[in-house]
Amino acid sequence: MLRELNKKIISSICQQLEQALQTLKESGALKSQKLPPVYLEHPKIESHGDLSSNIAMRLSRKEGRSPQELAEQILDALSPASPARRYYEKAKVEPPGFINFFLSQESVVLLLQEVLSRSDRYGSSALGEGKTANVEFVSANPTGPLTVGHGRQAIIGDVLSNVLSFCKYQVTREYYFNNAGNQMRLLGESVKARYHELGGEAIEFPEDGYRGDYIREIAAALRREHGDSLKASPAKVFQEAAEKAITDDINRTLERIGVKFDIHFNEHSLYTSGKIDEVIEKLKQLGHAYLKDGAVWFKASAFGQKEDRVIVKSDGEPTYRLPDICYHLDKLNRGYDLIVDVFGADHHATFPDVLAGVRALGCDTERIRVLIHQFVTLKRGGEKVKMSTRRATFVTVDDLLDELAAGLRSELASAYGEDSPQTQQPVLERMARDAVHFFFNMRKMNSHLDFDLDLATKCTMENPAYYVQYAHARICSIFRVYRGRTDTPPIDFSSVPPDKLKLLTQEKEGSLIKTLSRFPRLVEEVATKFEGHRLNEYVLQLATSFQSYYNEHRVIGDDPDLTLARLCLVKAVQIVLRNGLSLLGVSAPETM
RNA sequence: GCGCCCGUAGCUCAGUCGGAUAGAGCAACGGACUUCUAAUCCGUGGGUCGCAGGUUCGAGUCCUGCCGGGCGUGCCA
């Protein structure tokens, strides 16, 4: 019954408005045949109420009357018998023609009760009930360590997966390993060259080879293990060893930031299973592929693309498009209701061809959502750092975590002492991980994410993750103090009577509860629009409101009833902070 | 050249289907610790929303053109 109360309030007020419009129409007071949709928004300014409708303004042109006048008329036509009536205390017309609703104290109490009774499920929506979703992200080639660019993608994908999961989708997190093709061959040749170099007989380093130090390390490890015995081995041997080493390294890093996958899909398996050949054949059969200059071309131009594309080169090797088409076909065939691809901006030009290919094979691509995120701009010493895996000018996620942990260590050591609990390695590691999660998800995907390394290393004060966590820890502390009192019975927060909660009459208490009540709607919006960053904003705003409240009012006081009511409020804030942080993959510590 | 993304306070960015007085953090300045954690709070200053047109009751938001930056534009991935 308390399920998704905020939604219920909004929809019943909308209904009441629609009814009023209908009544006016029937009585001839409204001439418009088609009425614009009614919706409510949260006004930015508190004096404008809690919910607001602009319906009068939208009608004004068609009706040829002033919005103000229309609004008054609609207000008068609101049925007092509507079930919506109990939710708000008053409704008011404000110029230029808004109808503003002010929630009743009863609503506020009900909203608070909903948070307390649903607890860790508060904010969860039934959006994906009975549906499956596949989220593909990171999918970095095993040709080098994870860079901060991949880091952003890892967190974006992780958070979206969490949110979909929270909305009852059955989520599969998937990592696509491009472990076939040209780049991998180049990787093998690069390692081979370094291996020979270390043996004192340098061979030519491949043009466009991978020049990072990690290539040398892999070569050195091979020497330690096999000595000189790989001297005559083909590049393939080095490629396999390198793939193994780099894959392990990537997985270690992912584990370090707490990002897990359900499926690691190997590109290579598409070849061994014969699916690649099947797709070529099928495209040819359907007349969507043809031979030209010794290569196989996909007729992308017949599917809305600008030009046709090579899918098998004249040397018989497929281009990346073919396995990509094949892979997406595979995902579609697995029957997911929703398929999300998270790609970096550098893939922007490639996915339309892939989707066209999938359509050419007779599948519709409506279930596929491609999300493109912009790059991470890295700054060090005020300078922008240019990153390239092949030229080895990159900052890895591991480096970043190390720098963060080191920076935190020195800050915390000077605040709490060298060997304090706050400066222990596991604590620092967790804080660094939390910071990375929060930071990488803070901006909308379409924006570049500016990452200032100098700031990150001293980010104790600057990182908003700590701010939110501090608010949570502070609430925990209130409960510790409360429990520390000898005469305090444990509270069952899910069944506090409404009349006790009515004592929450302070302005900041009301607005805090209203902020809490927006959480479920927000979660749904994040899940449907894929705007994970709004969670960061929300959680930050909630923490701010709480800190302000905390500073102004004491929770534990002399009046036991008021204390109880405030403990309930604070408990609800704790619940929502925890749920929000959990979606972000950020821990909610009990103490700081 | 063409395609996609971005341009909002000194810096980093939000800005809900087009709504009311464009917001936040940081930085700057001034205050608040006998307190449930000062990793906090309160206050002040700070804006031609890149530029120019257009659409309309109303534009940071939509359309067109231009300027500036990023990423693409492969028989690389």
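What you see is a predicted model, and the numbers here were worked out from it, not measured in a lab. Below, chains carry the letters A, B, ... as their sequence lines are ordered, and counting in each starts from 1.
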Using the P atom as the point on both nucleotides, what is the distance between B:C26 and B:C66, in whole Å?
41 Å
Tell me: CG of A:D208 to P of B:A77, nearest whole Å?
13 Å
Which residues pass the side-chain contact (heavy atoms from CB on, under 4.5 Å) test with A:T563, sequence neighbours left out?
A:Y482, A:I556, A:L567
Shorter than 3.5 Å, N or O on both sides, protein versus nucleotides 11-14 of chain B: list them out with atom names.
| residue | atom | partner | partner atom | Å |
| --- | --- | --- | --- | --- |
| B:U12 | O2' | A:R443 | NH2 | 2.9 |
| B:C13 | OP1 | A:H448 | O | 3.1 |
| B:C13 | OP1 | A:D450 | N | 3.3 |
| B:C13 | O2' | A:R443 | NH1 | 2.6 |
| B:A14 | OP1 | A:K444 | N | 3.1 |
| B:A14 | OP1 | A:S447 | OG | 3.0 |
| B:A14 | O3' | A:E537 | OE2 | 3.3 |
| B:A14 | O2' | A:E537 | OE1 | 2.4 |
| B:A14 | O2' | A:E537 | OE2 | 2.6 |

Expressed in angstrom and rounded to an integer, what is the separation of A:I55 atom CD1 from B:C57 atom P?
16 Å
Going by the rule ring pair (Phe, Tyr, Trp, His ring centres under 6.0 Å), which residues pair with A:Y467 if we only count those two or more places apart in sequence or in a different chain?
none
Identify each atom pair where a protein N or O and an N or O of nucleotides 41-45 of chain B are less than 3.5 Å apart, giving names and distance.
| residue | atom | partner | partner atom | Å |
| --- | --- | --- | --- | --- |
| B:C41 | OP1 | A:Y467 | OH | 2.4 |
| B:C41 | O2' | A:N551 | OD1 | 2.8 |
| B:C42 | OP1 | A:S548 | OG | 3.0 |

Does the pair A:R534/A:E537 count as a salt bridge with the N-to-O cut at 4.0 Å?
no
Going by the angle between their ring planes, with limits at 30° and 60°, are A:F298 and A:F303 parallel, tilted or perpendicular?
parallel
Between the side chains of A:E552 and A:K508, is the shortest nitrogen-to-carboxylate-oxygen separation below 4.0 Å, so that they form an ion pair?
yes
Let me know the distance between CG of A:L322 and C1' of B:G74, rounded to the nearest Å.
16 Å
Looking at A:H268, I'd like to know if its NE2 atom is crowded, meaning that more than 12 non-hydrogen atoms belonging to other residues, nucleotides or ligands lie closer than 6.0 Å.
no
Restricting to side-chain contact (heavy atoms from CB on, under 4.5 Å), what partner residues turn up for A:H264, sequence neighbours left out?
A:Y175, A:F177, A:N251, A:F261
With a 6.0 Å cut-off on ring centres, are A:F440 and A:H437 close enough?
no
Per A:Y470 side chain, nearest of listed nucleotides B:U16, B:U40, B:C75
B:U40
Flag the pair A:K92 and A:E94 as a salt bridge only when some basic side-chain nitrogen lies within less than 4.0 angstrom of an acidic carboxylate oxygen.
yes
Answer with base, sugar-phosphate or nothing: what part of the nucleic acid does A:D324 contact at a heavy-atom distance below 4.0 Å?
nothing
So what stems show up for RNA chain B if we need 3 or more Watson-Crick or G-U pairs in a row, all under 3.5 Å?
B:1-7 with B:67-73, B:10-13 with B:23-26, B:28-32 with B:40-44, B:50-54 with B:62-66
On a whole-Å scale, what distance lies between the P atoms belonging to B:C63 and B:G3?
15 Å
Output the rounded distance in Å from CG (A:L540) to P (B:U40).
11 Å
Starting at the 5' end of RNA chain B and moving along, which residue's nearest nucleotide shows up first, A:T591 or A:P37?
A:P37
Under the ring pair (Phe, Tyr, Trp, His ring centres under 6.0 Å) rule, collect the residues that match up with A:H347, sequence neighbours excluded.
A:F343
C1' gap between B:A27 and B:G68, integer Å:
26 Å
Which whole number of Å gives the distance between the P atom of B:G10 and that of B:G47?
7 Å
In whole Å, what is the span from the CD1 atom of A:I10 to the C1' atom of B:U16?
12 Å
Would you kindly give the CD1-to-C1' distance between A:I478 and B:U35, to the nearest whole Å?
12 Å
Touch class at under 4.0 angstrom, heavy-atom based, for A:H553 against every strand present
base
Short side-chain N/O contact to B:A77 OP1/OP2 from A:N141, under 4.0 Å:
no
For the side chain of A:V481, starting at C-beta, report the closest nucleotide among B:C75, B:A39, B:C36.
B:C36
5' precedence on RNA chain B between A:P318 and A:N446 (nearest-nucleotide basis)
A:N446
Look at the side chain of A:S314 and the base of B:C75, then say whether one donor and one acceptor between them are separated by less than 3.5 Å.
yes
In terms of side-chain geometry, is the basic nitrogen of A:K299 or A:D308 positioned less than 4.0 Å from the acidic oxygen of its partner?
no
Considering just the side-chain nitrogens and oxygens of A:Y320, establish if one lies under 4.0 Å of OP1 or OP2 belonging to B:A77.
no
Rounded to whole Å, the CD1-C1' distance (A:I311 to B:C75) equals 12 Å
Would you indicate what A:A471 reaches in the nucleic acid, counting non-hydrogen atoms under 4.0 angstrom: base, sugar-phosphate, or nothing?
nothing
Salt bridge check, A:D452 against A:K379: does any charged N sit closer than 4.0 Å to a carboxylate O?
no
Here the distance between atom P of B:U34 and atom CZ of A:R554, to the nearest Å, is 13 Å
Of the residues in residues 342-357 of chain A, which ones touch RNA chain B at a heavy-atom distance under 4.0 Å?
A:A345, A:D346, A:H348, A:A349, A:T350
On the nucleotide B:U73, are OP1 or OP2 found under 4.0 Å from the side-chain N or O atoms that A:K306 carries?
no
Hey, can you tell me if A:H348 and A:F351 have their rings parallel, tilted or perpendicular (30° and 60° cut-offs)?
perpendicular
Would you measure the distance from the C1' atom in B:G58 across to the matching atom in B:G18 and give it in whole Å?
8 Å
List for me each residue that meets salt bridge (Lys or Arg N to Asp or Glu O under 4.0 Å) alongside A:D341, sequence neighbours excluded, and say none if there are none.
A:K331
Go through the structure and list residues passing side-chain contact (heavy atoms from CB on, under 4.5 Å) with A:D50, not counting sequence neighbours.
A:F102, A:L103, A:K514
A:A572: side-chain contact (heavy atoms from CB on, under 4.5 Å) partners, not counting sequence neighbours:
A:L112, A:V115, A:L116, A:L516
Distance check, P atoms only: B:U16 and B:U61, in whole angstrom units.
11 Å
Every protein N/O lying under 3.5 Å from an N/O of nucleotides 19-21 of chain B:
| residue | atom | partner | partner atom | Å |
| --- | --- | --- | --- | --- |
| B:G19 | N7 | A:N54 | ND2 | 2.8 |
| B:A20 | OP2 | A:K44 | NZ | 3.4 |
| B:A20 | N6 | A:S52 | OG | 2.6 |
| B:A20 | N6 | A:N100 | OD1 | 3.1 |
| B:A20 | N1 | A:N100 | OD1 | 3.3 |
| B:A20 | N1 | A:N100 | ND2 | 3.0 |

Is a salt bridge present between A:K313 and A:E317, judged by a nitrogen-to-oxygen distance below 4.0 Å?
no
Counting only heavy atoms from other residues, nucleotides and ligands, does the tally under 6.0 Å from CG of A:D558 exceed 12?
no
Rounding to an integer number of angstrom, what distance separates B:C67 and B:C42 when you compare their P atoms?
46 Å
Do A:K284 and A:Y290 form a cation-pi contact, if we require the NZ or CZ to be under 6.0 Å from the six-membered ring centre and within 45 degrees of the ring's axis?
no
